[in-house]
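Structure first, commentary second.
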Amino acid sequence: MINKQAARWKKGTLTAFMLSAVMTVSACGGNEAAKEAPGASGSSDSKPLEISILSIFYQKEPPAVDNAILKEAEKRTNTKLNITWVTPNNFGEKVNVTLASGDLPDLMLVTDTGNAAFRSMAKQGAFWDLTTIIKQYPNLSRFPDITYKNLMIEGKLYGIPRVRPTEGNAHPLVRADWLKKLNLTMPQTTDELYSVMKAFKENAPDGQKDTIGLSGYVNQNDMGQFGFIESVFTGASGKYKVKGDKLIDVTLEPEMRKSLEWFQNAFKDGLIPQDFALLKHNQAKDLVIAGKAGIFPDKPNQEPLFIKEISTMNPNAKPDMEWAPYMTGPQGKYASKGTGVFGMFVIPKKVPEAKVKKLLEFMNYGTSDEGHELASYGLKDINFKLQDGNYVVTEATLNDPSYQFLQNIFMKYDKYASVATAGLTPEQITRDKKLIDISEPVSIPSPTSSLISETNNKLGSDFNKKIQDMKTKVMMNKATLDDWDAFVNELKADKNYMKILDEYNEAYRANSGAK
């Protein structure tokens, strides 16, 4: 069934065990990178290079000072690492405080590269311009063009990209075993998706009371996990897309109205959670785990998590999840393309040039096969074993995320990084890689990822909250589509709101070289 579905897509065109966000390896070999590690070319008793780093971490607690993986990284690169770990909740504030203080570490992660203060400092020469020099480091220079494009500030690169795969984003994950049970095929259009949702509700394949089709939620200022469906209607990744030689705001377009009508009908027919506006991410996901929903938009690397958790909740179920590589809406085929990056590590200008090169060597090692393996999976035979070419975490490591801290600093580019290699069969892994290949040609990036609108920086959040509030009301039938039309006319008449679009278009023209 699964391979047939992948073929049909082709013809038509968690963190799973805490592993799946970074998966299999490609690009440059470990031996080449090991040669370029900071201390590798020197004698074995040369003094380690001291490196101070400010980075984010997503685990419950920061790693201990004697963390085995960090110690191994120091040994392999002949470095002594002094890392300040900061939680996501406080990271933006910590970066702002550090920037204001002027006392910057050798490598500092900046996730909000649109931050006005940061961009101003970069243009004033506070950080090393790496535009040319980074090309001398083979692993770093292999990052996709979109990765660099989305980090450029007036044509210059002021940091080492924290690379991410562009494909394999939040698309519908569908209970493939439910499809098989009901003799259905994977939906490829919004109409087919609606029909599958309705069949799941009416037939409740896992026998759960109040079964729905699609689980999801909305955030305060965006469509949350429902965002992919909205994007299929608008044909845009985010609020803006290119039409002709300029950007348009899809909030104001007829396709946005059509998407709200689709959701309004789905709510009325009981195909989505009636309390979606109150749900958090895990609560929406739990409906699928409990067998009460058959579809949840997410990355393919979440398949093993769902399969494991559903099986735990219902031992009689034989769950299988399949990721939709694209979907067709009024604008044609749509898949989400990521930015290829989540921030970058900047080097303050106070760091001597000789050390800058050593820092680049250190990060170049981190993007090699060997460095990537250490950061993502830990130590062989201690943290992982290789089975049929796939990484399998040892039992002792399974519930211990402390072996993965280094992946917040080291990550190589891997087109298939969003495909899980643990918890799936070799056939499922092959299937999902093929689905990534199918998705890539029709995936659409956000055209504003590297653009700045000062008005949006000041007022965008408030506008987005108002827009999402109205969307939620329309979806829940607390406001009509006529109300939405009136709201859109208000936005068009709002000079500040339309100024955001004007500023993005000005930046877009400057970036593209248009007059």
Side-chain angles (χ1 to χ4, degrees), residues 92 95-96 99 110-135 140-141 143-164 166 221-222 231 234-253 331 336-347 349 443-464 467 491-515:
V95 168
N96 287 336
L99 288 172
V110 177
T111 55
D112 181 11
T113 55
N115 180 295
F118 163 70
R119 294 176 74 88
S120 176
M121 288 180 66
K123 288 186 282 188
Q124 290 172 17
F127 312 111
W128 275 90
D129 176 0
L130 305 178
T131 313
T132 302
I133 191 173
I134 202 168
K135 296 176 183 176
L140 297 176
S141 64
F143 292 165
D145 290 342
I146 191 175
T147 295
Y148 294 108
K149 178 183 177 182
N150 284 331
L151 290 177
M152 291 290 186
I153 299 176
E154 295 184 354
K156 295 182 178 180
L157 180 71
Y158 290 101
I160 303 165
R162 190 163 175 251
V163 71
R164 289 291 185 271
T166 58
N221 57 0
D222 63 48
S231 292
T234 63
S237 288
K239 284 187 66 179
Y240 303 92
K241 74 175 184 180
V242 179
K243 188 172 183 179
D245 60 353
K246 65 178 182 179
L247 300 177
I248 62 170
D249 181 348
V250 296
T251 307
L252 312 176
E253 297 299 305
Q331 303 296 299
S336 171
K337 183 181 287 290
T339 61
V341 68
F342 182 36
M344 61 182 171
F345 284 93
V346 299
I347 304 174
K349 205 62 191 292
S443 63
I444 297 174
S446 166
T448 59
S449 295
S450 60
L451 306 182
I452 297 297
S453 160
E454 294 297 340
T455 304
N456 187 64
N457 288 344
K458 296 175 185 176
L459 305 175
S461 180
D462 289 337
F463 278 121
N464 290 339
I467 291 168
L491 290 176
K492 290 178 178 178
D494 191 309
K495 292 182 179 179
N496 284 326
Y497 185 77
M498 298 308 292
K499 188 178 179 183
I500 295 173
L501 180 59
D502 290 340
E503 289 175 354
Y504 273 135
N505 266 301
E506 184 179 350
Y508 178 73
R509 286 192 296 270
N511 268 22
S512 62
K515 298 298 181 182

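- Side-chain atoms of P445 and T339, non-hydrogen and from C-beta on, never get closer than 4.5 Å to each other.
- Rounding to the nearest 0.5 Å gives a distance of 14.0 Å between CG of L157 and CH2 of W128.
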Can you check side chain to side chain contact (heavy atoms under 4.5 Å, CB included) on N456 and Y497, steps first, answer last? CA-CA 8 Å; N456 187 64; Y497 185 77; over 6 Å; no
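- Side chains of I467 and L491 form a contact here, defined as non-hydrogen atoms less than 4.5 Å apart.
- Looking at heavy atoms from C-beta onward, S450 lies out of side-chain contact with T113 at the 4.5 angstrom threshold.
- The shortest side-chain heavy-atom distance between K241 and E253 does not fall under the 4.5 Å cut-off.
- Residues G155 and T131 come closest through the heavy atom pair O-CG2, 4.2 Å.
- At least one donor-acceptor pair under 3.5 Å links the side chain of N505 to the backbone N or O of L247.
- Using modelled atom types, one side-chain atom of S231 and one backbone atom of A236 make a donor-acceptor pair closer than 3.5 Å.
- At least one donor-acceptor pair closer than 3.5 Å links the side chain of S237 to the backbone N or O of I444.
- Annotation: side chain of D112 is not in contact with side chain of V95 (no heavy-atom distance under 4.5 Å).
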In sequence, state the C-alpha distance, the side-chain angles, and the governing distance for T166 and I146, and then conclude on side chain to side chain contact (heavy atoms under 4.5 Å, CB included). CA-CA 9 Å; T166 58; I146 191 175; 3.6 Å; yes
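- Proximity of T448 to Y508: side-chain heavy atoms (C-beta onward) are nowhere separated by under 4.5 Å.
- Here M498 contributes atom CE and K495 contributes atom NZ; the two are 12.5 Å apart, rounded to the nearest 0.5 Å.
- Atoms OH and NZ, on Y158 and K349 in that order, are 9.0 Å from each other to the nearest 0.5 Å.
- Side chains of N96 and N115: a donor-acceptor N/O pair is present below 3.5 angstrom, by distance only.
- Note that the CD atom of E506 and the NZ atom of K499 stand 10.0 Å from one another [nearest 0.5 Å].
- Between the side chain of N221 and the backbone N or O of S461, no donor-acceptor pair lies under 3.5 Å.
- Considering every non-hydrogen atom in both P447 and Y240, the closest pair reads CD-O, 3.3 Å.
- Sorted by first and then second residue, the salt bridge (Lys or Arg N to Asp or Glu O under 4.0 Å) pairs with a member in residues 123-132 read K123-E154; sequence neighbours excluded.
- Here the CG-OG distance, from L99 to S120, works out to 10.5 Å after rounding to the nearest 0.5 Å.
- A heavy-atom distance below 4.5 Å is not found between the side chains of F127 and I153.
- Side chain of K337 to main chain of S446: no donor-acceptor pair is present (N/O by atom type, distance under 3.5 Å, no hydrogens or angles).
- Panel note: side chain E503, backbone T455; a donor-acceptor pair is recorded below 3.5 Å.
- Here the closest non-hydrogen pair linking I452 and A507 is O-CB, 4.1 Å.
- Residues F463 and D494 form a side-chain contact, since some pair of their non-hydrogen atoms from C-beta on lies under 4.5 Å apart.
- Between R119 and G114 the shortest heavy-atom distance is CD-O, 3.6 Å.
- A pairwise comparison of heavy atoms in G159 and L130 identifies C-CD1, 3.7 Å as the closest pair.
- Using modelled atom types, one side-chain atom of T147 and one backbone atom of G340 make a donor-acceptor pair closer than 3.5 Å.
- If you check the side chains of Y504 and D249, you find no donor sitting under 3.5 Å from an acceptor.
- Here the NZ-OG1 distance, from K156 to T132, works out to 9.5 Å after rounding to the nearest 0.5 Å.
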Worked verdict on K239 versus N464 for side chain to side chain contact (heavy atoms under 4.5 Å, CB included): CA-CA 10 Å; K239 284 187 66 179; N464 290 339; 3.3 Å; yes
